[in-house]
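Computed from a predicted model, the values in this text were never measured in an experiment. FYI, the numbering just counts along the sequence from 1. Atoms considered below: every heavy atom in the structure, side chains included; atoms not considered: hydrogens, waters and symmetry mates.
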Amino acid sequence: MEKAKEEAMTNNKCCLQALLYLTRSVSGATHFSAPIILISFHLLLLIFPHSSNGDCTYMGSKNRSQFSEKNDEISCQRRVLRLLDANFFNDSQIEEIDKGASELNIPIIRTNRKLVASENGGLHYPSPLVFNANWDYRLDHTANKRFNYPSISGIQRPESEEDIAFMSVLELGELIKTKQITSQELTQIFLRRLKKYNPILEAVITYTDELAHKQAKEADDLLSQGVYLGPLHGIPYGLKDIIAVPEYKTTWGSRSFKNQVIDQEAWVYKRLKSAGAVLVAKLVSGSLAYDDIWFGGRTRNPWNIEEFSTGSSAGPAASTSAGMVPFAIGSETAGSITYPASRCGVTALRPTFGTIGRTGVMSLSESLDKLGPFCRSATDCAVVLDAIRGRDPDDLSSKDSSIDDPFQVDITKLTVGYLDDAEMEVVHVLASKGVKMVPFKLNYTVDSVQGILNFTMDVDMLAHFDEWQRSGQDNVYEAQEQWPTEVRRARIIPAVDYIQAQRARGRLIKEIRESFTVDAFIGNATDWEKVCIGNLVGLPIIVVPAGFTNITNPPPGGTRRRTTVPAGIYAPPNRDHIALALAMAYQEVTDHHKKRPPINDTGPNDKIPDPHTVIYPPRVLHL
């Protein structure tokens, strides 16, 4: 037996040497280079096929020698990793990668191959990732036509700070414009609320007091000189902490980067600064834009503080919901706007891909990342979007916005579908407003939607955080079952199968486009399949609160805590104005978006223990 094993090891070594010869060398190839030849563990099937019980065997002789020990199989796998210049995982991580490849990677690879790679020549299902050879990209620019906001008048300053905190952006703007309140006063109100409720919600990473006071004073000085910059003039707001602001930490929510300062003004920050808005806080991003866990804690839902907010735009959702900021900017790669907006009961827009520039923003996936506003209402979302949309010269995916004015849309001329999972109150309200509502279903044949999303996002993420993984920083990540597991598996996705996933994505885009026979549709905002489709295709969606229900297992004496009921209004790419117009029409006759969460005022009979001692069920992971 020992002799057979020794013979197998020798033969394995010979085969590996042959592979190394084909790749010339790991460190200095002339025509080939191991670091750029992506192969999976299952290349082992060509050299050391696995037997039925998973052991590694040598196929070079009639008498097949089988490795019976676990260490031999790991050693075999480690050698293949060496060809990828990725021999830095420990044994348990290698086992985890092998399991993930078997259970996830290979089924996705085979499904995508069947979808788009059964014919040769590349004539069918091109990748949507298109190369642009135009050297004059920065020079090709046309100004966006601004929206015509509704005129409001007669707004009076409320007596209580609580009432002020829950006013809309347009209402607050009118108070500033008519000099009933100064930007400096308003900034102080929101800074006080941030510091009052943050110990409960864990939604803030950095307060920007000094900058806020400076920007608020500048806004007041301009107004005293007769200069009014528009509805965001002097309005406080927050940024998700993946967005860079000079002289302040941009932590990405991660302990690996918690002291990082990026000396750059993000494009979206520049746009808001030029509109006169006042930055009061850098808000929580789940660590490296995943879920709601960050290096300082875990963000909670203001409507039920025994729940977490979900993420990764946890801070923007919770802070806006709690009246800690009038609006905030978050981001989404796959669900990071729709999930926390739905959980925290706020109105939020995930715009068409490319609508808002991303320079100065942490990148996960260039073809999926988007920025969007969290607000009190759809009207506020439209106002904020108008200020920040448009081409960013340093973001090649951004564009001059072709979105029409949502305030000018005649909704009675629209045909809007509703899916089986649509909130019917939204359907009935829109029908009563003259919208033609019809049953609807998205038809498509691509059955690997979620796998395409995972391949795209995980490989792209790893490309941006390659050194983070290689240096072992993933070992101290806040939640090991999240990014560390996903990007280890991504390390062994072959380049050809990443491209096949993009071709399958192109097929999905074509089928969704052909199936989208209505002007918009109403559907569940957090269904994972629809989240994946929306992000892969680039569909805009606005999430609106559509009601509240009692929490599960309330205390005997009752509670003010509630579970929010969200609805999603989807539109085709570059038709964000239609989704916004429909959401505004719905909110004209409902008041769900005006409700205020209890935060920690849960009622006299609802005694919540110290949140840090409460045991919670396992989290539902969403990116």
Side-chain angles (χ1 to χ4, degrees), residues 9 12-50 54 56 67 70-109 254 256-257 288 290 363-365 451 454-477 479-502:
M9 290 291 288
N12 291 345
K13 183 177 181 181
C14 291
C15 288
L16 284 166
Q17 286 174 339
L19 270 178
L20 286 172
Y21 174 77
L22 290 174
T23 60
R24 299 300 174 94
S25 75
V26 171
S27 59
T30 53
H31 298 293
F32 303 100
S33 179
I36 62 171
I37 298 175
L38 292 181
I39 55 177
S40 82
F41 278 149
H42 297 271
L43 180 61
L44 285 168
L45 293 174
L46 299 176
I47 308 164
F48 322 120
H50 286 65
C56 192
F67 290 138
K70 183 178 178 181
N71 289 342
D72 292 330
E73 185 169 358
I74 292 175
S75 177
C76 183
Q77 294 164 337
R78 189 177 293 283
R79 288 172 179 172
V80 174
L81 280 171
R82 192 175 299 137
L83 297 181
L84 300 173
D85 194 24
N87 190 22
F88 48 81
F89 296 109
N90 62 40
D91 288 357
S92 63
Q93 290 170 341
I94 290 175
E95 289 184 88
E96 170 196 294
I97 292 168
D98 185 61
K99 184 175 185 290
S102 299
E103 296 179 357
L104 295 170
N105 289 14
I106 286 185
I108 294 168
I109 286 169
S254 167
S256 297
F257 303 95
L288 301 183
Y290 198 132
S363 182
L364 288 181
S365 174
N454 286 336
F455 267 31
T456 304
M457 178 176 63
D458 293 350
V459 171
D460 291 357
M461 196 279 182
L462 180 56
H464 292 296
F465 288 89
D466 183 41
E467 177 58 26
W468 174 75
Q469 186 187 75
R470 289 179 179 276
S471 63
Q473 292 182 73
D474 61 332
N475 293 323
V476 296
Y477 183 80
Q480 283 297 302
E481 69 275 28
Q482 296 180 358
W483 276 134
T485 297
E486 292 196 27
V487 297
R488 286 170 195 150
R489 188 172 66 242
R491 176 68 67 178
I492 58 168
I493 295 174
V496 64
D497 290 300
Y498 176 85
I499 297 300
Q500 301 296 30
Q502 300 316 305

* Decide yes or no on side-chain contact (heavy atoms from CB on, under 4.5 Å) for Ile94 and Leu81, but give the supporting numbers first. => CA-CA 9 Å; Ile94 290 175; Leu81 280 171; 3.9 Å; yes
For the [atom1] atom of [X] and the [atom2] atom of [Y], what is their distance to the nearest 0.5 Å?
X      : Y      : atom1 : atom2 : result
Glu486 : Met461 : CD    : CE    : 9.0 Å
Gln469 : Leu462 : CD    : CG    : 5.0 Å
Ile97  : Ser102 : CD1   : OG    : 11.5 Å
Tyr477 : Phe465 : OH    : CZ    : 9.5 Å
Asn90  : Glu95  : CG    : CD    : 9.5 Å

Heavy-atom pair with the smallest gap, counting every atom of [X] and [Y]:
X      : Y      : value
Arg489 : Asp458 : NH2-OD2, 3.7 Å
Asn105 : Phe455 : O-CZ, 3.6 Å
Ser363 : His464 : OG-NE2, 3.2 Å
Ala101 : Ile492 : CB-CD1, 3.4 Å
Ser256 : Val476 : OG-CG2, 4.2 Å
Asn87  : Arg78  : OD1-CG, 2.7 Å

Could you walk me through whether Gln77 and Phe89 pass the side-chain contact (heavy atoms from CB on, under 4.5 Å) check? CA-CA 11 Å; Gln77 294 164 337; Phe89 296 109; over 6 Å; no
Trp483 side-chain N/O to Leu288 backbone N/O, donor-acceptor pair under 3.5 Å:
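Answer holds: yes.
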| query | When you measure from the side chain of Asn475 to the backbone N and O of Gly472, does any donor-acceptor pair fall under 3.5 Å? | reply |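 Judged by distance alone, yes, a pair lies under 3.5 Å.
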Report task. May I ask you to test the Asp85-Arg470 pair for a side-chain heavy-atom distance under 4.5 Å? Result ->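 Sidechains of Arg470 and Asp85: in contact.
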Salt bridge (charged side-chain N to carboxylate O under 4.0 Å, His left out) assessment of Asp98 paired with Arg488: CA-CA 10 Å; Asp98 185 61; Arg488 286 170 195 150; over 6 Å; no
Sorted by chain and residue number, the side-chain hydrogen bond (donor to acceptor under 3.5 Å, both in side chains) partners of Asp460 (sequence neighbours excluded) come out as Ser365, Tyr498
